[in-house]
Amino acid sequence: MLVHGGESGVTSHWLVKSEPNAYSFADLQRDGSTVWDGVRNNAAALHLKAMKVGDEAFFYHSQEGKEIVGIASVTRTAFPDASDPTGRFVAVELAPVRALKNSVTLADMKAESALKDMAMLRQSRLSVSPVSDAEWAAILKMAGG
DNA sequence: GCCAACGTTGGC
DNA sequence: GCCAACGTTGGC
């Protein structure tokens, strides 16, 4: 699909982290959509600002599970994060796409050579990170299609 | 619970 | 503008 401007129709892929105790993929499925706010890191915020409607993101459970459990899509591009008193940070809106058939654990990802340069593995504390097309495909394959 | 990584803050 | 101190994240 061709729209206007330089980024027309090209979707990007991302990975977002959440502690399932705080907000799990099941919560997202229950809610239908959610405002992805609370990001307080400039690198992560830059990634949020680069998200386009229709981009898809792996939904990773940190601490409990340490695995990718599902896919979400961006339904609203970056807007000011109302929970940020400084006004510096942004939020996006995400909706659930589907759960993965098999979740892909951190150990699985570390063991996969195709993922050795993955942003989330190189910088584990980053809560929003880009995923290349090759990495996206590799993880989908690991998840059972 | 501990600790490594890393970002942020504030004194100078 | 530097850098030490501190806070937070997240794997182990």
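Here the structure is a predicted model, which is why all the values come from computation and not from measurement. All values below come from the heavy atoms of this structure, side chains included, with hydrogens, waters and symmetry mates left out. Note on naming: letters A, B, ... go to the chains in the order of the sequence lines (proteins, then strands), and numbering restarts at 1 for each one.
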Quiz prompt | Boundaries of the chain A footprint along DNA chain B (any atom under 4.0 Å from a heavy atom) | solution = dA5(B) to dT9(B)

Exercise. Quick one: which residue pairs count as a salt bridge (Lys or Arg N to Asp or Glu O under 4.0 Å) with a foot in residues 78-97 of chain A, not counting sequence neighbours?
Key: Arg40(A)-Asp81(A)

Exercise. With sequence neighbours excluded, tell me which residues meet side-chain contact (heavy atoms from CB on, under 4.5 Å) with Ser24(A).
Key: Pro20(A), Ala26(A), Asp27(A), His61(A)

Quiz prompt | salt bridge (charged side-chain N to carboxylate O under 4.0 Å, His left out) partners of Asp31(A), counting only residues at least two apart | solution = none

Self-check item: Within residues 122-132 of chain A or reaching into it, pairs that qualify as side chain to side chain donor-acceptor pair (under 3.5 Å) - sequence neighbours excluded
Solution: Asp117(A)-Arg122(A), Ser132(A)-Glu135(A)

Quiz item: Going by the salt bridge (Lys or Arg N to Asp or Glu O under 4.0 Å) test, which pairs reach into residues 97-113 of chain A, not counting sequence neighbours?
Solution: none

Quiz item: So what does Gln123(A) hit on the nucleic acid, given a heavy-atom distance under 4.0 Å: a base, only sugar-phosphate, or nothing?
Solution: sugar-phosphate

Practice problem: Using ring pair (Phe, Tyr, Trp, His ring centres under 6.0 Å) as the criterion, list what pairs up with Phe58(A), not counting sequence neighbours. | Solution: Trp136(A)

Quiz item: Which residue pairs satisfy the salt bridge (Lys or Arg N to Asp or Glu O under 4.0 Å) criterion with at least one member in residues 13-22 of chain A, sequence neighbours excluded?
Solution: none

Self-check item: Short side-chain donor-acceptor distance under 3.5 Å, Ser12(A) and Lys52(A)
Solution: yes

Quiz item: In residues 35-45 of chain A, which residues come under 4.0 Å of DNA chain B by heavy atom?
Solution: Asn41(A), Asn42(A)

